[in-house]
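Accompanying notes for the structure given below.
Values in this document were obtained by computation on a predicted structure and should not be read as measured data. Here, residue 1 is the first one in the sequence, and each next residue gets the next number.
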Amino acid sequence: DISTLEEDHMDIITTHKGSDFDALASLVAATLVYPGASPVLPASINGNLKAFLSIHKDLFDFYAPGDINADRVKRLIVVDTHSWERLEGLDSLRGKEDLEIIVWDHHTEGDMKASEAHIAETGATVTLLVNEIKNRRILITPIQATLFLMGLYEDTGNMTFPSTLPEDAYAAGFLLDRRADLNILSTFLRQAYGKKQKDILFEMIQKAERQEVGGFSISISRMEIEGRVDPRRLDLLFEIELLGVTAGGFPPGTRFQFRYDLWRPFERPPGQAGATPDGGCREVVYRSKLVPNLSGGAMGMVQVPECRR
């Protein structure tokens, strides 16, 4: 109800552009910590989250940045970032004298001057909010616990990234105790980088050619790779943000997007006639998979492509 944004005083919660599951989980978790605050989700979200919200678009009561009347905002709660440039459509709040700013973030770099800051280098921002929920003894549903665990697992690479701390494991244990469903996570979370993917990624960063386009610094790198491909991984999209300076000289905060378009060569068995299908698959079939309803209702269905050789 947009009318709730027309009150004399209002609190809003928001997160960064290019939102991922940690951003969404932190946004939802913050609504439990700050009941009555209005959650504002940027229009720019990553591929994983876009696929998730395309199925569950009616399950959340989010507002768009354009719905906000900046003059009425008295408290701004920001999760998973504390950099003004990473917020979407809220420039009018920057420099607002009577604005109270509260930050929850696991990144140390940021330019927002917060009156209350909860910043720690955990593996995920949602870890900090889950700890707060636990300390306040706020009740959460199994579906909320599952969403929070998705955010935690995505940002920690299923608890394998070096940035993962014991606090992340404790938070995961708490969420599992609150009946988070691990079977649901694999439906929406892409697998963490394997060693080969990491080697390719760092080689591409080293060889990237940087150029200025429209005032933005853009780096482009292309590689051709041969090898075996999991037939279920037809199309991959990864986004990363650098936390420190790389050997290539890219500063902290640099964001990379990597898209893998995978093509599997088709080899027809001896003695079998017919043309090779385009795309390298004998056929592409769509299998139905159950997906959760985060509002607590019945499970839904999604069609997932599978390459048959």
Side-chain angles (χ1 to χ4, degrees), residues 1 4 7 9-16 19-41 49 52 56 59-63 73-82 100-108 112 114-156 158-159 161 163-185 188-189 292-297 299:
D1 184 2
T4 60
E7 300 173 356
H9 303 286
M10 58 177 295
D11 302 339
I12 64 172
I13 308 169
T14 193
T15 187
H16 58 80
S19 303
D20 53 15
F21 270 112
D22 187 29
L24 178 65
S26 299
L27 191 63
V28 174
T31 63
L32 301 178
V33 176
Y34 302 97
S38 301
V40 180
L41 182 68
L49 202 56
F52 172 78
H56 299 291
L59 302 183
F60 300 97
D61 190 19
F62 293 133
Y63 298 99
V73 177
K74 298 301 180 183
R75 184 163 64 163
L76 172 64
I77 301 142
V78 182
V79 298
D80 205 27
T81 186
H82 59 290
E100 178 187 359
I101 299 177
I102 300 175
V103 165
W104 293 81
D105 196 9
H106 72 132
H107 307 98
T108 57
M112 300 185 74
S115 54
E116 183 182 324
H118 305 268
I119 299 174
E121 293 184 82
T122 51
T125 295
V126 74
T127 295
L128 303 175
L129 286 152
V130 166
N131 287 339
E132 185 71 10
I133 287 170
K134 179 181 178 181
N135 292 337
R136 295 192 188 187
R137 298 186 177 182
I138 298 173
L139 296 179
I140 62 175
T141 66
I143 295 301
Q144 289 170 335
T146 301
L147 174 60
F148 300 162
L149 193 59
M150 283 197 287
L152 200 163
Y153 268 36
E154 183 182 61
D155 254 30
T156 61
N158 299 333
M159 311 294 279
F161 291 166
S163 58
T164 306
L165 297 181
E167 288 82 355
D168 300 302
Y170 299 148
F174 170 78
L175 295 172
L176 289 170
D177 186 59
R178 294 303 182 271
R179 299 174 60 192
D181 190 342
L182 288 171
N183 293 319
I184 293 175
L185 271 64
F188 297 106
L189 294 184
N293 182 332
L294 293 187
S295 66
M299 298 281 279

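When side chains are defined from C-beta on, D22 does not count as touching V79, because their heavy atoms never get closer than 4.5 Å. Contact of the I102 side chain with the R75 side chain is registered, since non-hydrogen atoms from C-beta on lie closer than 4.5 Å. Side-chain atoms of I77 and V103, non-hydrogen and from C-beta on, never get closer than 4.5 Å to each other. Contact check for L185 versus E154: no side-chain heavy atoms found under the 4.5 Å cut-off.
Taking every heavy atom of both residues into account, A180 and T146 meet most closely at CA-OG1, 3.4 Å. Nearest heavy atom pair, residue M159 against residue A172, reads CE-CB, 4.3 Å. Considering every non-hydrogen atom in both H107 and H82, the closest pair reads O-CE1, 2.9 Å. Shortest non-hydrogen contact noted between A25 and G151 is CB-CA, 4.1 Å. In terms of heavy atoms, A23 sits closest to D20 at N-OD1, 2.9 Å. When all heavy atoms of T122 and D168 are compared, the pair lying nearest together is CB-OD1, 3.7 Å.
The distance from atom CD of E167 to atom CG of L128, rounded to the nearest 0.5 Å, is 9.0 Å. If you take CD1 on I140 and NZ on K134, they are separated by 11.0 Å, rounding to the nearest 0.5 Å. Taking CE from M150 and CG from L49, the interatomic distance works out to 9.0 Å, rounded to the nearest 0.5 Å. Distance check, rounded to the nearest 0.5 Å: OG1 of T31 to CG of D11 gives 12.5 Å. Separating the CG atom in L76 from the CD1 atom in I101 is a distance of 5.5 Å, to the nearest 0.5 Å. Annotation: the span from H106 atom NE2 to T125 atom OG1 amounts to 4.0 Å, rounded to 0.5 Å.
Residue-environment remark: CG (L139) stays at or below the threshold of 12 foreign heavy atoms within 6.0 Å. No more than 12 heavy-atom neighbours from other residues, nucleotides or ligands sit within 6.0 angstrom of CD on E121.
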Carefully, step by step, assess F21 and L147 under the rule side-chain contact (heavy atoms from CB on, under 4.5 Å).
CA-CA 8 Å; F21 270 112; L147 174 60; 4.3 Å; yes

Apply the test side-chain contact (heavy atoms from CB on, under 4.5 Å) to residues I13 and V78: give CA-CA distance (whole Å), side-chain angles for both, the deciding distance (0.1 Å), then the verdict.
CA-CA 6 Å; I13 308 169; V78 182; over 6 Å; no

side-chain contact (heavy atoms from CB on, under 4.5 Å) assessment of V40 paired with F62:
CA-CA 6 Å; V40 180; F62 293 133; over 6 Å; no

For I12 and M10, run side-chain contact (heavy atoms from CB on, under 4.5 Å): C-alpha distance rounded to whole Å, both residues' side-chain angles, the deciding distance at 0.1 Å, then the answer.
CA-CA 7 Å; I12 64 172; M10 58 177 295; 3.2 Å; yes

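Checked against S19 for a side-chain contact (heavy atoms from CB on, under 4.5 Å), the options L41, L27, L24 give a single hit: L41.
Ring-plane geometry between Y34 and W104 is classed as perpendicular, the angle between the planes exceeding 60 degrees on a 0 to 90 degree scale with a lower cut at 30.
In this model, no donor atom of one side chain and acceptor atom of the other lie less than 3.5 Å apart for D80 and S26.
For residues 123-156, no pair satisfies ring pair (Phe, Tyr, Trp, His ring centres under 6.0 Å), with sequence neighbours left out.
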